[in-house]
Protein chains: 2
Amino acid sequence: MAARDGTVGKALDVLDRVAAYGRPVRFSELLAEGRYPKATLYRLLQVLTSQGLLSHDPDTGQYGLGMRLVRLAHAAWATASLAPVARPHVDALAARTGQVVHLAQLDGGQVLYVDKVSPRAGVEMFSASGRIGPAYCTGVGKAMLAFLPPREAEAVLAQQSFHAFTPATLDAAALGADLERIRAEGVAWDREEHEPGIVCVAAPILSRGGRVLGAVSVTSALGRDGLDGLAGHGEDVRRTARAIGEDAQAWRFPERAEMRIAERG
Amino acid sequence: MAARDGTVGKALDVLDRVAAYGRPVRFSELLAEGRYPKATLYRLLQVLTSQGLLSHDPDTGQYGLGMRLVRLAHAAWATASLAPVARPHVDALAARTGQVVHLAQLDGGQVLYVDKVSPRAGVEMFSASGRIGPAYCTGVGKAMLAFLPPREAEAVLAQQSFHAFTPATLDAAALGADLERIRAEGVAWDREEHEPGIVCVAAPILSRGGRVLGAVSVTSALGRDGLDGLAGHGEDVRRTARAIGEDAQAWRFPERAEMRIAERG
DNA sequence: CTTACGGTTCCATTTTACGAAACTTGGTTT
DNA sequence: AAACCAAGTTTCGTAAAATGGAACCGTAAG
């Protein structure tokens with residue numbers, strides 16, 4: 001977390017700290033963390049504010065996150081996330097199953113939701129895109145973990161808290177066994193491991209070369225549909241994930257070997 | 001355009017440039033812009049990548065925007081934008097008018113859309129939140145410009161391109177007169193100034209102290225509803241904007257009630 | 001008037017970033 | 001195969017910056 005990347009790293013660290021508060025924050029609160037001396041912190045905040053990554057309310061003297069982040073993130077979401085490519089598939093899956101569908105990617109050992117569609121309310125927005133969740137106890141998280149190359153998987157696993165959200169939450173050992181099963185089966189199940197009464201089935205989205213790009217899941221509340229109802233969707237989720245992977249490949253890397261020859265500049 | 005804020009400023013400038021491509025970009029493409037020498041650009045990209053603001057695909061050697069931006073923006077949107085507070089009002093307005101409703105804020109002289117609701121499709125997502133538009137020829141933009149303090153208004157106006165998107169687009173002089181009218185009337189009209197066939201009515205969202213927080217608008221396609229149809233919604237939009245402003249005040253500055261009144265002028 | 005506190009500015013010192021040039025890598029031409 | 005070239009990476013002396021302790025300012029309380 002505290003990667004020392006010179007001045008830029010410090011500035012982004014401060015940005016993260018402000019974000020972590022989840023509310024506007026005063027200079028003195030940040031100073032009280034003791035991370036940076038007064039003058040240094042002051043200048044970092046000045047720069048971040050002047051750059052629009054933070055906003056400063058002169059009346060209250062509080063710093064909040066700046067709207068430039070929203071602008072940048074829109075570009076990030078539109079060009080680098082799976083969401084735009086996956087949208088039609090995700091929509092169709094939600095329609096077929098009549099359940100909430102999530103699209104997620106990995107970001108720093110955590111699950112980052114990049115899209116969410118519920119069959120009733122239609123596409124949900126920003127409030128869902130950008131949310132993060134644990135990797136070790138969600139369907140999408142486990143689906144991605146299972147297909148990570150061993151070295152990376154190890155690194156990500158080392159970052160997990162293994163906090164027991166529910167009685168069904170797996171510990172590190174049980175997770176290992178589950179990941180094995182997921183690799184064999186191609187789909188991951190979350191049986192109330194993160195939230196009581198919530199179950200889901202997820203599948204990893206892989207590139208042609210087998211790299212993990214993300215994951216899709218179908219979520220259901222126990223009782224309405226039950227785990228049995230979801231079981232029938234497993235194959236559908238897997239097919240959808242595969243289709244998204246192929247589209248992503250075509251969209252992001254529009255041909256490889258042959259194109260190179262023609263491409264001169 | 002880019003203020004020279006030391007190393008951090010440069011890094012963010014590079015980030016913006018990558019974002020501007022709207023696609024993954026090679027080191028050499030950025031280098032060819034001639035903005036930074038090789039080694040400097042290289043190190044800036046290294047830092048941004050290691051920080052997760054950019055992602056680097058080792059296969060293709062291309063840089064794209066990183067998912068950390070999406071995570072940060074979610075926090076920004078949820079804590080610093082008007083969207084969460086305004087959501088119920090915006091929803092209700094869309095339901096009453098049966099038209100598309102936009103919520104926007106100012107960001108660096110441009111209009112930044114932070115939410116959008118269409119009565120049919122329901123809430124739209126990220127693809128709308130984060131999009132930017134011109135301030136001088138959109139309803140929301142003009143509504144905000146009109147109520148900016150003179151000094152700031154001048155600064156923002158100086159940044160406008162006044163490109164004539166349509167025959168109805170106002171020039172600088174006509175805009176000045178329109179802003180006067182908007183201040184008197186409390187609502188702004190966009191009569192096909194930005195897109196042919198698209199009209200809208202907007203109102204500014206003000207804090208109790210009169211500071212511009214954002215704007216709401218109702219948009220319609222000419223022919224279906226016409227400008228006359230929209231005219232009937234003007235008062236509704238204004239009331240909605242006022243309600244949002246009050247909620248925002250209560251939410252962001254819970255205890256500041258009496259201070260603000262004294263602070264007028 | 002005095003003290004205390006949050007925030008801002010100064011400036012000598014240290015650290016960091018800079019960038020021309022050298023080098024490495026992988027693919028293409030002679 | 002050797003020479004070549006372009007893209008990307010590393011080096012290193014120098015130049016520029018960030019740093020942070022201390023002084024300063026404005027406001028609110030004692």
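All values below were derived from every heavy atom in this structure, side-chain atoms included, with hydrogens, water molecules and symmetry-related copies excluded. Values in this document were obtained by computation on a predicted structure and should not be read as measured data.
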Taking only N and O in the side chain of A:Ser28, is any of them less than 4.0 Å away from OP1 or OP2 of C:dG7?
-> yes

Just how far, in rounded Å, is P of D:dT11 from OH of B:Tyr42?
-> 10 Å

Protein-nucleotide distance (A:Leu31, atom CG; C:dC5, atom P), rounded to Å = 14 Å

May I have the distance from B:Gln46 (atom CD) to C:dT16 (atom C1'), rounded to whole angstrom?
-> 16 Å

The side chain to side chain contact (heavy atoms under 4.5 Å, CB included) partners of B:Val8 (sequence neighbours excluded) come to A:Thr7, A:Val8, A:Ala11, A:Val47, B:Leu12

Check the distance between C:dG6's C1' and A:Leu30's CG and give it to me in whole angstrom.
-> 13 Å

Atom-to-atom span, CG of A:Leu41 to P of D:dA18 - whole angstrom = 15 Å

Just jot down the salt bridge (Lys or Arg N to Asp or Glu O under 4.0 Å) partners of B:Glu29, sequence neighbours excluded, or say none.
-> B:Arg23

D:dG8, C:dT8, D:dT10: which one has an atom nearest the side-chain heavy atoms of A:Phe27?
-> C:dT8

Enumerate donor-acceptor pairs with a distance under 3.5 Å from any side-chain N or O in residues 38-45 of chain B to protein atoms, sequence neighbours excluded.
none

In whole Å, what is the span from the CG atom of A:Leu45 to the P atom of D:dG20?
-> 14 Å

Aromatic contact, A:Phe162 with A:Tyr136 (centres under 6.0 Å) = yes

Partners passing salt bridge (Lys or Arg N to Asp or Glu O under 4.0 Å) against A:Glu180 (at least two apart in sequence or in another chain) | A:Arg183

Using a 3.5 Å cut-off and no angle test, enumerate the donor-acceptor pairs between side-chain atoms of residues 142-155 of chain B and protein atoms at least two apart in sequence or in another chain.
| unit_1 | atom_1 | unit_2 | atom_2 | d |
| --- | --- | --- | --- | --- |
| B:Lys142 | NZ | B:Asp178 | OD2 | 2.6 |
| B:Lys142 | NZ | B:Trp189 | O | 2.7 |
| B:Lys142 | NZ | B:Glu193 | OE1 | 2.9 |
| B:Lys142 | NZ | B:Glu193 | OE2 | 2.9 |

N/O-N/O pairs, protein side and nucleotides 18-21 of chain C side, under 3.5 Å:
| unit_1 | atom_1 | unit_2 | atom_2 | d |
| --- | --- | --- | --- | --- |
| C:dC18 | OP1 | B:Lys10 | NZ | 3.0 |
| C:dC18 | OP2 | B:Arg43 | NH1 | 3.4 |
| C:dG19 | OP2 | B:Thr40 | OG1 | 3.0 |
| C:dG19 | N7 | B:Arg43 | NH2 | 2.9 |

Starting from P on C:dT8, measure out to CZ on A:Arg26 and report it in whole angstrom.
-> 13 Å

